[in-house]
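Written out below as structure tokens is the structure these notes cover.
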Amino acid sequence: MDTAITKEMYKEMGIDGKVYSFGQEIAESLKQRFEEIDRVAEYNQLKVVHAMQQCRASEACLYASSGYGYNDVGRDTLEEIYAATFHTESALVRPQIACGTHALAVALAGNLRPGDELLSPVGKPYDTLEEVIGIRPSNGSLAEYGVSYRQVDLLEDGSFDFENIKKAINEKTKLVTIQRSKGYQTRPTLSVARIGQLIDFIKEIKQDVICMVDNCYGEFVETIEPTDVGADLIVGSLIKNPGGGLAPIGGYIAGKKEYVDNAAYRLTSPGLGKEVGATLGVNQSFYQGFFLAPTVTAAALKGAIFAANVYERLGFAVVPNSTESRHDIIQAVTFGAPEKVIAFCKGIQAAAPIDSYVDPEPWAMPGYDSDVIMAAGAFVQGSSIELSADGPIKPPYAVYFQGGLTWQHAKLGIMMSLQKLYEKGLVELP
Ligand SMILES: *Cc1c(COP(=O)(O)O)cnc(C)c1O
């Protein structure tokens with residue numbers, strides 16, 4: 001194909017020839033890297049289809065249930081498919097789980113009892129969990145129910161503080177929570193292999209402790225998941241990787257049957273557990289989204305790697321860097337100046353299929369200690385497997401970028417972000 005028409009199309013959408021050429025050169029240089037990502041996606045695609053076949057997914061599974069949702073074969077089979085994919089005894093995959101935080105809260109509250117202690121051996125958990133746990137006092141927190149909390153930070157170089165983890169484990173320690181993704185921190189994301197080492201170490205000290213992994217943004221990035229290296233529970237959001245961009249809501253909890261059941265008793269009610277919960281017609285998008293999740297995750301990863309290479313080449317600090325191996329789909333770029341953060345986010349917004357004409361501005365969002373600018377033009381509100389970015393307006397003026405349902409769209413997003421920086425004279429192209 002003549003690529004001149006593609007360049008022309010970019011131009012029509014507002015991308016300057018210089019920006020295009022710079023971006024295109026970088027994209028060309030990533031071919032080998034992308035082949036490796038495609039190999040992982042191929043394996044994971046087979047893994048998902050294999051699970052669907054093994055569990056005998058049928059047309060009837062795609063139908064809607066209502067009311068109590070007793071005998072919802074689609075829901076029950078999908079839970080078997082998640083369990084087969086993640087190699088667990090059981091799974092809970094529900095539209096009644098409102099978001100990732102809710103899934104984590106249900107898994108924790110379902111498995112902890114008054115007097116138990118929760119340990120995070122990987123530093124501070126995701127912001128929203130501070131109130132779930134009660135690190136920040138909050139109505140209904142685990143702390144209010146008599147569950148205590150301990151935390152061991154990572155060492156300066158990002159490694160585990162084994163000595164202090166050992167000291168922190170005591171007779172009360174019931175559950176260990178391990179966050180795979182860096183979230184909005186600057187520590188490295190944990191590889192599945194490193195999570196496995198940590199779990200081995202912990203189980204050596206206390207065999208019956210429940211090891212739970214917050215798997216948000218990590219699903220299908222590697223060929224194995226934390227449940228392949230000893231995690232008792234993994235938890236995530238369906239408006240991130242495993243929903244494949246199609247799930248309109250939902251969360252999942254997969255792992256040992258006993259612990260998944262405990263979470264289900266908390267989600268619905270003691271005695272009812274997994275038996276109730278109508279799916280109201282979301283089954284088809286849950287199935288189809290899970291089917292697409294490996295390739296959608298691959299697209300988002302390519303976008304993240306492209307962004308890292310573009311902005312590193314222009315002299316900005318990027319985490320992960322341009323060549324590092326990937327364990328989640330988040331890309332951080334440190335711009336060092338508020339106007340650059342704003343220009344970047346305006347570019348991501350301008351590239352969106354929905355609400356592209358909206359001009360995002362920084363605002364004081366609840367729960368944040370500075371103004372934040374967010375770019376999202378998504379089919380599903382707040383979906384961060386779709387192309388999206390947020391930037392807190394405070395030093396070091398970094399943006400966190402993730403998602404892209406297709407690589408081509410993620411590429412357009414980064415090209416557009418660069419265009420906005422270039423137009424304002426905030427970057428110089430080589
Ligand atoms: C997204 C995310 C969550 C949950 O966030 P929600 O917005 O409630 O879905 C929890 N932990 C991590 C690491 C996340 O990335």
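Counting convention: from 1, in listed order, for ligands and their atoms alike. Just so you know, these numbers use all the heavy atoms, side chains as well, and skip hydrogens, waters and symmetry mates. Residues take their numbers from the sequence shown, with the count starting at 1.
- Not a single heavy atom of T128 sits under 4.0 Å from any atom of ligand 1.
- For atom 9 (O) of ligand 1, the choice among G100, A103, S237, A105 with the nearest heavy atom turns out to be G100.
- Within the listing of ligand 1, atoms 15 (O) sit less than 4.0 angstrom from a heavy atom of Y217.
- Under the 3.5 Å distance criterion, with hydrogens and angles disregarded, a donor-acceptor pair is assigned to the side chains of E219 and Y252.
- Every atom of ligand 1 with a heavy atom of C99 under 4.0 Å away is listed here by number and element: 8 (O), 9 (O).
- Side-chain atoms of K420 do not come within 3.5 Å of backbone N or O of K340 as any donor-acceptor pair.
- A search for side chain to side chain contact (heavy atoms under 4.5 Å, CB included) contacts involving Q288 returns L246, Q284, not counting sequence neighbours.
- Between D359 and K346 there is a salt bridge, since a side-chain N of the basic residue sits under 4.0 Å from a carboxylate O of the acidic one.
- For T101, a nitrogen or oxygen atom sits less than 3.5 Å from a nitrogen or oxygen atom of ligand 1, counting backbone and side chain alike.
- The closest protein non-hydrogen atom to atom 11 (N) of ligand 1 is D214 OD2, 2.6 Å.
- Within ligand 1, counting atoms from 1 as listed, the ones closer than 4.0 Å to a heavy atom of L104 are 10 (C).
- For the residue pair Y149 and Q151, a side-chain donor N or O sits within less than 3.5 Å of a side-chain acceptor on the partner.
- Using a 4.0 angstrom heavy-atom cutoff, I239 does not count as in contact with ligand 1.
- Here the protein heavy atom with the shortest distance to atom 1 (C) of ligand 1 is K240 NZ, 1.2 Å.
- With a heavy-atom cut-off of 4.0 Å, Q179 touches ligand 1 through its side chain alone.
- N321 and E312 share no side-chain donor-acceptor pair at under 3.5 Å.
- Relative ring orientation between F86 and F220 is described as tilted, the plane-to-plane angle lying within the 30° to 60° band.
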